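Note that the coordinates shown come from a computational prediction; the quantities given were computed from them, not determined experimentally.
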Amino acid sequence: MIDLERDLKINLLDKWNSGKVLIVIGPRQVGKTTLIRSLCEKEGNFLFINGDDGQDRLLFENAGEVKLRSIIGKSTTVFVDEAQRIPNIGITLKIIHDQIKTVRLIVSGSSALDISNNMNEPLTGRKWEYQLFPFSWNELKNHFGYFNTIKNLPNYLIYGTYPEVITNPNDAENILKQIAGSYLYKDLLQYQGIRKPEVLDKLLLALALQIGSEVNYNELSRTVGIDRATVEQYISLLEKAYIIFRIKPLSRNSRNEINTSRKIYFYDNGIRNAIIGNFNLLDFRQDVGALWENFIISERIKVMNYNNLHGRSYFWRTYQQQEIDWIEERDGAFSAFEFKWNDKKKNVKFPKTFLDLYEVKETLVVTPNNIDDFLKIE
């Protein structure tokens with residue numbers, strides 16, 4: 001594993017001694033355990049509980065205060081990894097937080113669904129929650145330098161930035177196929193609503209073939225062979241498992257604006273390409289524009305999360321086919337962005353209709369040549 005400094009580390013250290021439970025959620029295999037263990041090891045005296053380990057689960061689930069004090073012993077920090085796998089973990093963490101006040105609690109999880117269901121109510125007012133993703137552009141650039149990182153950009157569009165992929169680039173395809181198989185579904189298949197993995201396969205393939213395009217739920221329903229309500233339910237679950245995310249359209253001021261469709265992106269290009277089974281070089285692909293759009297939007301989401309940039313994100317399109325790829329709204333003002341892999345297309349004009357309707361403070365066409373302008377830390 002490359003010893004690469006994670007941007008989230010600063011956030012965790014800032015709240016390390018806050019007296020609240022620190023929760024880190026995100027996809028499997030993105031380095032949550034590695035990051036948290038490295039921080040805990042500096043403390044020296046910590047207890048590691050692995051929610052994926054059956055014995056650890058049995059020992060920790062439904063434990064009362066007396067048993068918990070015995071388990072924790074003299075440890076000053078308790079790290080519960082993959083906490084969503086431990087039944088009633090929220091109540092257990094609440095007991096430790098409220099009754100064993102000398103113990104620092106750190107928790108990781110791979111499913112926002114289970115974390116929300118099991119922890120939100122018991123830990124209300126008792127937690128700080130963060131998200132960790134595959135390596136970010138800024139993390140890679142800080143470690144390898146701008147020159148090497150920009151030179152490797154085509155590889156990131158094809159293979160993504162999962163830590164194991166970056167560490168073992170020669171085995172990237174096999175690693176991604178494995179992650180996109182068993183690991184991708186590990187938590188979802190625990191959920192009672194998911195009965196047929198083959199339905200997830202079909203749905204993910206349909207979504208992967210439509211990145212950067214508007215998704216029609218009725219069309220997906222016909223393609224996958226399940227009803228629309230189930231399509232929406234499964235998409236919501238895939239979102240909570242940190243595989244995909246949805247973007248809504250911006251529509252407030254005109255009947256010409258489309259307001260019902262959604263765009264769906266993947267958190268990692270490599271996972272998307274593993275699902276469609278295409279790791280061809282960019283010169284031999286028809287989807288380069290979509291890969292660039294998916295990559296740059298997922299990178300922007302990392303920047304916004306790690307730097308606590310609050311706001312809303314949208315795309316914009318009219319029935320007259322005018323469109324803008326990405327819009328951010330903060331404090332009532334809008335920033336509009338177009339994404340072009342080919343730098344020769346950087347002189348795109350933003351639709352006058354949009355500029356007249358909204359208070360726009362910034363427009364930018366994002367290409368590989370000005371990627372840092374879009375992914376700068378504000």
Side-chain angles (χ1 to χ4, degrees), residues 1-13 24 26-39 41-42 130-180 183 242 265-274 279-283 285 288-289 291-307 309 337 339-343 346 364 366-378:
M1 180 69 70
I2 293 174
D3 186 18
L4 193 150
E5 190 87 350
R6 304 307 301 262
D7 287 343
L8 187 62
K9 181 178 177 180
I10 297 172
N11 302 54
L12 294 176
L13 288 175
V24 179
R28 284 181 176 267
Q29 303 289 297
V30 296
K32 298 186 298 294
T33 307
T34 301
L35 172 61
I36 298 172
R37 280 196 83 123
S38 70
L39 298 177
E41 284 168 358
K42 289 181 180 178
Y130 300 96
Q131 298 177 83
L132 187 69
F133 304 99
F135 286 155
S136 72
W137 169 263
N138 288 317
E139 290 168 342
L140 292 166
K141 187 181 66 172
N142 290 338
H143 184 83
F144 294 110
Y146 176 81
F147 178 76
N148 290 319
T149 308
I150 196 70
K151 196 165 67 171
N152 278 321
L153 182 57
N155 288 330
Y156 304 147
L157 264 62
I158 297 167
Y159 299 109
T161 61
Y162 266 77
E164 194 175 355
V165 168
I166 298 299
T167 305
N168 303 286
N170 294 331
D171 202 27
E173 290 187 25
N174 289 330
I175 292 166
L176 286 165
K177 286 173 183 175
Q178 187 175 38
I179 294 174
Y183 281 112
Y242 291 98
Y265 297 94
F266 282 73
Y267 278 107
D268 186 77
N269 277 38
I271 295 298
R272 182 266 180 177
N273 288 329
F279 293 106
N280 288 338
L281 298 176
L282 297 186
D283 290 343
R285 304 184 71 115
V288 178
L291 290 175
W292 171 240
E293 185 174 327
N294 192 88
F295 173 81
I296 200 69
I297 286 176
S298 62
E299 288 302 316
R300 181 64 178 171
I301 284 177
K302 295 172 191 176
V303 168
M304 294 173 75
N305 270 279
Y306 294 156
N307 294 279
L309 300 179
F337 305 94
F339 305 119
K340 302 294 180 186
W341 175 249
N342 188 343
D343 191 56
K346 64 183 178 183
L364 181 68
V366 183
T367 73
N369 285 341
N370 64 355
I371 185 172
D372 275 349
D373 293 337
F374 184 60
L375 299 180
K376 62 181 178 289
I377 298 174
E378 302 179 20

- Query: So do Tyr156 and Leu140 actually touch side chain to side chain, heavy atoms under 4.5 Å?
  - Reply: yes
- Determine, for Asp7 against Lys302, whether the closest basic-nitrogen to carboxylate-oxygen distance falls under 4.0 angstrom. no
- Note on the structure: When every non-hydrogen atom of Trp137 is compared with those of Glu299, the smallest separation belongs to N-OE1, 2.6 Å
- Query: Within a strict 4.5 Å, meaning less than it, do heavy atoms of the Gln29 and Pro163 side chains meet?
  - Reply: no
- Note on the structure: d(Phe135 CZ, Phe144 CZ) to nearest 0.5 Å is 7.5 Å
- Separation between CD of Glu164 and CG of Asp171, rounded to the nearest 0.5 Å: 8.0 Å
- Query: Would you say Trp341 and Leu282 make side-chain contact, with heavy atoms under 4.5 Å?
  - Reply: yes
- Non-hydrogen atoms of Ala172 and Val165 that approach each other most closely: CB-CG1, 3.9 Å
- Item | Minimum heavy-atom distance between Phe339 and Ile296, given as atom pair plus value | CD2-CG2, 3.4 Å
- Note on the structure: Interatomic distance, CH2@Trp292 vs CG@Leu153, rounded to 0.5 Å, equals 5.5 Å
- Task: Might you confirm whether atom CG of Leu13 has over 12 heavy atoms from other residues, nucleotides or ligands at distances under 6.0 Å?
- Result: yes
- Message: Are the side chains of Tyr146 and Asp372 in contact, using a 4.5 Å heavy-atom criterion?
- Response: yes
- Here the gap from Asn142 atom CG to Leu4 atom CG, rounded to the nearest 0.5 Å, amounts to 8.0 Å
- Message: Contact between Leu35 and Val24 at the side-chain level, heavy atoms closer than 4.5 Å - yes or no?
- Response: no
- With sequence neighbours left out, the residues meeting side-chain contact (heavy atoms from CB on, under 4.5 Å) with Asn170 are none
- Query: Side chains of Thr367 and Asn342: does their closest heavy-atom pair fall under 4.5 Å?
  - Reply: no
- Item | Sub-4.5 Å side-chain heavy-atom contact between Asn269 and Ile158 | no
- Query: Can you check whether Glu139 reaches Ile166 side chain to side chain, under 4.5 Å on heavy atoms?
  - Reply: no
- Task: Indicate yes or no for a side-chain donor-acceptor contact from Lys376 to the backbone of Asp373 under 3.5 Å, with no hydrogens or angles considered.
- Result: yes
- Task: First locate atom CZ of Arg6, then atom CZ of Phe133, and finally report the distance between them rounded to the nearest 0.5 Å.
- Result: 10.5 Å
- Inter-residue atom distance Ile175.CD1 - Thr167.OG1, 0.5 Å rounding: 8.0 Å
